[in-house]
Every structure is written in structure tokens, then in C-alpha cells.
Amino acid sequence: MDDTRQDHAAQTVPDYRLGVGGIMLRDAWYYALPAHALARGKAVHRMLLGEPVLIGRTADNKVFALRDTCPHRGTLLSKGTFDGREVECSYHGWRFATDGQCTAIPSQCAGQRPQPQDIRAQSYVVAEHQGNVWVFMGTFMGSGKVLPPVPEVPVLGDRFQMHVAVTFACNIDLAVIGLMDPAHGAFVHRSSLWRKADSIHEKHKAFSPLPEGEGLGWRMDRHTASRNSRAYRLFLGGAPETEISYRLPSVRIEHARTPKYNYCGLTACTPVTADVTEVHHVMYWDLPGAAALRAVMGPLARRFLDQDRRAVMTMVEGLKFNPPSMLVQDADTQTRWYYRLKREALAAQGEGRPPRNPIAPVTLSWRS
Ligand code: FES
Ligand SMILES: [Fe+2]
């Protein structure tokens with residue numbers, strides 16, 4: 001199929017009306033929380049894709065995740081206790097190892113059913129990587145599938161600096177397309193440090209599909225950051241080169257570098273429920289003065305994400321009236337790609353085959 005041509009035509013039926021709106025893709029890694037938020041011997045409740053999840057760290061430093069409902073009567077396990085080794089339910093004291101195996105049912109007499117060995121709480125595959133905790137939200141347990149690689153920033157993996165999170169009251173699709181949109185910067189992030197409306201100029205960016213094995217997504221090839229990326233210039237000095245990759249379900253990784261320094265930003269959207277999305281942004285850098293930079297970057301990043309959140313919420317308000325809307329050439333092409341890839345991922349899952357990346361290398365042009 002001639003994807004490129006199709007992408008270059010304005011499309012007036014938006015993809016979010018074509019059957020993927022808000023679907024929470026399974027069989028994928030989702031960002032749960034920064035690793036530092038999980039002390040040894042602690043366990044916390046999180047909602048991921050509408051499921052209650054208990055995420056903890058054992059006394060010997062292993063991160064685990066269980067469905068946060070007791071297999072006995074459904075009580076939230078997070079309301080019980082965790083001693084660094086086992087979780088005890090607050091209602092009848094059933095105990096669970098961190099792999100979900102039940103280890104004690106205090107009410108049972110000898111010979112009664114069930115015994116602890118008959119019971120398991122549902123567990124999730126988790127990964128602690130580069131300062132982040134990811135949970136694999138699979139389609140079913142014990143599937144024996146080969147897991148996709150855990151999202152990873154290049155070069156700076158051991159330089160985790162900070163994490164900020166903002167909650168968007170919308171489904172994951174609207175959060176993702178709101179963040180990836182290349183044409184809103186001068187309007188939504190209008191401020192002296194970021195962009196000005198009169199700094200808009202024409203851009204041409206080369207894109208390519210992610211190599212096989214790196215997931216379903218695309219990459220904006222390495223290029224010199226545009227002259228209106230003031231923040232980058234101030235931050236890294238000189239004329240940084242950036243490369244941005246996007247991978248389903250929602251991980252955007254940006255790597256900016258000068259001959260001297262590097263910066264990586266990882267942005268990941270995690271559905272809390274079908275209608276609420278947590279946007280996580282993690283920053284890595286190797287510049288000196290990390291503590292002072294964190295003090296500056298924290299509020300800036302939070303403000304930036306909040307500007308995005310407000311822009312998306314304003315769009316959500318309008319979409320309630322079911323207005324006609326469109327995806328234009330080429331500024332909205334990435335939005336269209338996102339929906340196309342998501343449809344492909346869903347179709348491949350339904351048909352039990354590996355997904356095929358429909359994106360072909362192309363240069364996109366827009367003014368921003
Ligand atoms: S509900 Fe958890 S032990 Fe009974
Ligand atoms: Fe933005």
C-alpha cells in the first residue's frame with residue numbers, strides 16, 4: 001500500500017472515530033512509578049489499566065507486583081501489611097509470598113479445603129530499569145510469550161535525575177496525541193523560555209520505522225535542534241542534535257546531545273482507567289550541577305506538562321459536542337501513525353500474528 005501518499009492527504013474522518021478510541025492495549029510494558037518511590041519493605045497501591053495493582057520492594061530489594069485484591073473475598077491487599085517478605089490480608093490474615101503463592105490460611109483446620117498451596121494471588125511481571133518500575137500488562141497469565149524489551153534510554157541509563165507526573169482526565173489516546181502534536185508549541189507553551197508565535201518557521205524532519213525487535217513505532221532521525229528550541233540551547237549549550245523515538249503503547253524517548261553533554265527525556269502514558277491517564281516524564285542528563293538543575297527543571301517540566309494537560313482538556317471539552325474535526329498534512333501525520341499502529345497491534349493480537357509496521361521512511365514538513 002502506498003502509505004506515504006495516504007499520509008500526505010488531509011483526512012477528515014479522524015482515526016479516533018475508527019474504533020481504537022481509548023482502548024487500553026495489552027501485552028505491553030507500562031510505566032508504574034519511579035524506583036526511588038519504592039523503599040525496601042514497602043508496598044503501594046496503583047491503578048493500571050483499570051486494575052488494582054500492589055507494587056512492592058522486598059527486604060532483599062526485589063520489586064514485585066500482585067493484583068491488589070485478596071483471592072479470598074476481594075479485600076485490597078494494600079490495606080493489609082507487608083513485612084518485607086510476605087503480604088498479609090487485613091481481613092482474615094491470609095498470607096502471600098511476593099510471587100503470589102498463598103503461604104497461610106489461619107482459619108483452616110487440618111484437612112479442610114483449600115489449603116495455602118491451592119491458592120495463588122495473580123502476579124505481574126515487573127522490571128526495574130534505569131530508575132523506573134515497569135509492569136507488563138499481559139493478556140493472560142502464564143502465556144509463555146517472549147516479552148518485548150523494557151523501554152530504555154540510550155547513553156544515560158545510569159543518570160536518572162528526576163521524575164514528574166501529571167494526571168490527564170482523558171483516555172490514553174487523547175493524552176498521547178496531545179503530547180506528540182508538533183504544531184502546538186508556540187501557542188500552548190508560549191513563554192520566553194520556550195517558544196514564541198513569531199518564531200514559527202518551516203521544518204522538514206526525516207522519519208523512519210523503528211527497527212524490528214524494538215517494538216511498533218517510529219523515529220524522528222537525528223537532526224540539529226531547531227533554532228527556536230531555546231530551552232535546549234540554554235540547557236546543553238551550543239547547537240544540540242536530537243533524536244526522538246515513539247513506541248506503542250505510549251513511550252517517547254528523546255535524546256539530545258552536544259559534543260560535551262547529553263540529555264534524555266522519557267515520556268510514558270499509563271492508563272489509570274479508561275478515562276484517566278497518568279503522564280510520566282523522566283529526565284536524565286550528564287551536565288554538572290545536577291542538584292541545582294533539578295531545582296530548576298522540576299517546576300519547568302511540571303509547568304510544561306500542565307500546559308499540555310490544559311490544552312488536551314480544552315480539546316476534550318469541545319469533542320463532547322461531537323464536532324467535525326480533521327487530521328492535516330503533515331503536522332498531524334504522527335497522530336495518524338499512532339492510530340494506525342494501534343489498530344495494527346490490535347489486529348495482530350486478535351489474529352495471533354506478529355504486528356507489521358506499516359510506516360515507511362519519509363520526510364514530513366510543517367511550520368512550528
Ligand atoms: S479477604 Fe483476604 S483473607 Fe479474607
Ligand atoms: Fe506540549
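Starting from 1, each residue takes its place in the sequence as its number. Atoms within a ligand are numbered from 1 in the order they appear, just like the ligands themselves.
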Practice item. Keeping waters out of it, list the protein N, O or S atoms under 2.8 Å from atom 4 (Fe) of ligand 1. Key: His72 ND1, His92 ND1
Does the side chain of [X] come under 3.5 Å of the side chain of [Y] through a donor N or O and an acceptor N or O?
X: His163; Y: His281; value: no
X: Thr363; Y: Lys205; value: no
X: His255; Y: Glu243; value: no
X: Ser208; Y: Asp221; value: yes

**Study point:** Glu278 and Arg309 ion-paired at < 4.0 Å
**Key:**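 Arg309 and Glu278: not salt-bridged.
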Review point. So which of the N, O or S atoms of His189 lies nearest the Fe ion (ligand 2)?
Key: NE2
Check your understanding: Can you name the N, O or S atom of Asp308 that is closest to the Fe ion (ligand 2)?
Key -> OD1
Review point. Does a sphere of radius 6.0 Å around OH in Tyr261 hold more than 12 heavy atoms from other residues, nucleotides or ligands, not counting ones at 6.0 Å or beyond?
Key: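 Yes, because the 6.0 Å sphere around OH of Tyr261 holds more than 12 heavy atoms from other groups.
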Check your understanding: With sequence neighbours left out, which residue pairs that include part of residues 352-366 fulfil the salt bridge (Lys or Arg N to Asp or Glu O under 4.0 Å) condition?
Key -> Glu344-Arg353, Glu351-Arg353
